[in-house]
Amino acid sequence: MTTLSHPKILTLPEFLAKRAALPPDYRLVFTNGCYDILHPGHVDLLARARALGDGLILGLNSDASVRRIKGELPGPKRPVNSEAERAFVLAGLASVDFIVLFDEDTPLELIRAVRPQVLVKGGDWDVSRIVGRDLVEADGGRVVSLPLLPGYSTTGLIERLTR
């Protein structure tokens, strides 16, 4: 089986080395999620998040993390696609500049390490509930909850497929 690799898929130390080489005024945007089955809502959100800065880092939940977060949902066991598959597909998007996997249930430690200037989540997250908000705002950054593209969700897609 072919290994799915892409230069945008990095370990945290690899990303931090790349980050150190970026210009000091580089405005880094961070978002995170499972991105189990990529759909138009994901693509739209990532493009709008990327537009808020010079580069977008996507913190991608590992398979173990997705199982803990999504494991009780109806339908097939999650994730449907492996972390390698999900990362590879996301790396093909022009809006995504860097991908770093994380194994925790929340991206707090990754945000602490990355220190983005902009933190973005979808509109189903109120700004007050966004993990890492306090860190980003304490650094003078901005936290944004972007409206979702109506009618798209991975759970909804799975429900339609399994009817």
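Only a predicted model underlies this, so the values are computations on that prediction, with no experimental measurement involved.
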Novice: Taking C-beta and beyond as the side chain, do Pro147 and Arg48 meet within less than 4.5 Å on heavy atoms?
Specialist: yes
Novice: Under a single-linkage definition using a 4.5 Å side-chain heavy-atom cutoff for Ile, Leu, Val, Met, Phe, Trp and Tyr, are Ile57 and Phe102 assigned to the same hydrophobic cluster?
Specialist: yes
Novice: Are side-chain heavy atoms of Asp36 and Arg86 found at a separation under 4.5 Å?
Specialist: yes
Novice: Could you grab the distance from atom CG of Leu108 to atom CZ of Arg133, nearest 0.5 Å is fine?
Specialist: 12.0 Å
Novice: If two hydrophobic side chains count as joined below 4.5 Å and joins carry through other members, does Val96 share a cluster with Val144?
Specialist: yes
Novice: In the structure I gave you, are the side-chain heavy atoms of Asn81 and Ile37 within less than 4.5 Å of one another anywhere?
Specialist: yes
Novice: Indicate the atoms forming the closest heavy-atom contact of Glu83 with Leu101, along with that distance.
Specialist: CB-CD2, 3.3 Å
Novice: Answer yes or no: is there a donor N or O on one side and an acceptor on the other, between the side chain of Ser65 and the main chain of Glu104, under 3.5 Å?
Specialist: yes
Novice: Is Ser145 reaching over with its side chain to a backbone N or O of Val127, donor-acceptor style, under 3.5 angstrom?
Specialist: no
Novice: Are the side chain of Lys8 and the backbone of Leu93 linked by a donor-acceptor contact shorter than 3.5 Å?
Specialist: yes
Novice: Please check: side-chain N/O of Gln117 versus main-chain N/O of Leu28, any donor-acceptor pairing under 3.5 Å?
Specialist: yes
Novice: Same cluster or not: are Phe88 and Val66 linked, directly or through other Ile, Leu, Val, Met, Phe, Trp or Tyr residues, by side-chain heavy atoms under 4.5 angstrom apart?
Specialist: no
Novice: Considering all heavy atoms of both residues, which atom of Asp103 and which atom of Ser62 are nearest to each other, and what is their separation?
Specialist: OD1-OG, 2.5 Å
Novice: Evaluate the criterion side chain to side chain contact (heavy atoms under 4.5 Å, CB included) for residue pair Val114 and Leu12; output intermediate values, then yes/no.
Specialist: CA-CA 8 Å; Val114 167; Leu12 179 57; 4.1 Å; yes
Novice: Looking at every non-hydrogen atom in both residues, tell me the closest pair between Arg50 and Gly55 and how far apart they are.
Specialist: NE-CA, 3.7 Å
Novice: Can you give me the closest heavy-atom contact between Pro107 and Val131, atom names plus distance?
Specialist: CD-CG1, 4.1 Å
Novice: Does the side chain of Leu90 come within less than 4.5 Å of Leu46's, by heavy atoms?
Specialist: yes
Novice: For the side chain of Asp126 and the backbone of Ser128, is there at least one donor-acceptor N/O pair under 3.5 Å apart?
Specialist: yes
Novice: Please check this pair: side chain of Asp97 against backbone of Leu56, looking for a donor-acceptor N/O pair closer than 3.5 Å.
Specialist: yes
Novice: Is there a side-chain contact between Leu110 and Asn32 (heavy atoms, below 4.5 Å)?
Specialist: no
Novice: If I take atom OG1 from residue Thr11 and atom CD1 from residue Ile99, how far apart are they, to the nearest 0.5 angstrom?
Specialist: 13.0 Å
Novice: State, with a plain yes or no, whether a side-chain heavy atom of Glu85 is found less than 4.5 Å away from one of Leu4.
Specialist: yes
Novice: Anything under 30° is parallel, anything over 60° is perpendicular, the rest tilted; go ahead and classify His42 against Tyr35.
Specialist: tilted
Novice: Looking at CD1 of Ile130 and CH2 of Trp125, how far apart are the two atoms once the value is rounded to the nearest 0.5 Å?
Specialist: 8.0 Å
Novice: Which pair of heavy atoms, one from Ile9 and one from Glu14, lies closest together, and at what distance?
Specialist: O-OE1, 4.3 Å
Novice: Out of curiosity, Asn61 CG to Cys34 SG, how far, rounded to the nearest 0.5 Å?
Specialist: 4.0 Å
Novice: Looking only at heavy atoms, which two atoms of Leu10 and Phe15 are closest? And how far apart?
Specialist: CD1-CA, 3.9 Å
Novice: Do the side chains of Val29 and Leu22 join up, straight or via other hydrophobic residues, at under 4.5 Å, putting them in one cluster?
Specialist: no
Novice: Using side chain to side chain contact (heavy atoms under 4.5 Å, CB included) as the criterion, point out the one residue from Ile111, Val118, Val120 that pairs with Phe30.
Specialist: Ile111
Novice: Check the hydrophobic clustering (I, L, V, M, F, W, Y; side-chain heavy atoms under 4.5 Å; chains of links allowed) and say if Leu38 and Phe98 are grouped together.
Specialist: no
Novice: Quick one: CG on Leu45 to CG on Leu148, what's the gap to the nearest 0.5 Å?
Specialist: 6.5 Å
Novice: Should Arg115 and Leu135 count as side-chain neighbours, where that means a heavy-atom distance under 4.5 Å?
Specialist: yes
Novice: Between Arg27 and Arg142, is any pair of side-chain heavy atoms under 4.5 Å apart?
Specialist: yes
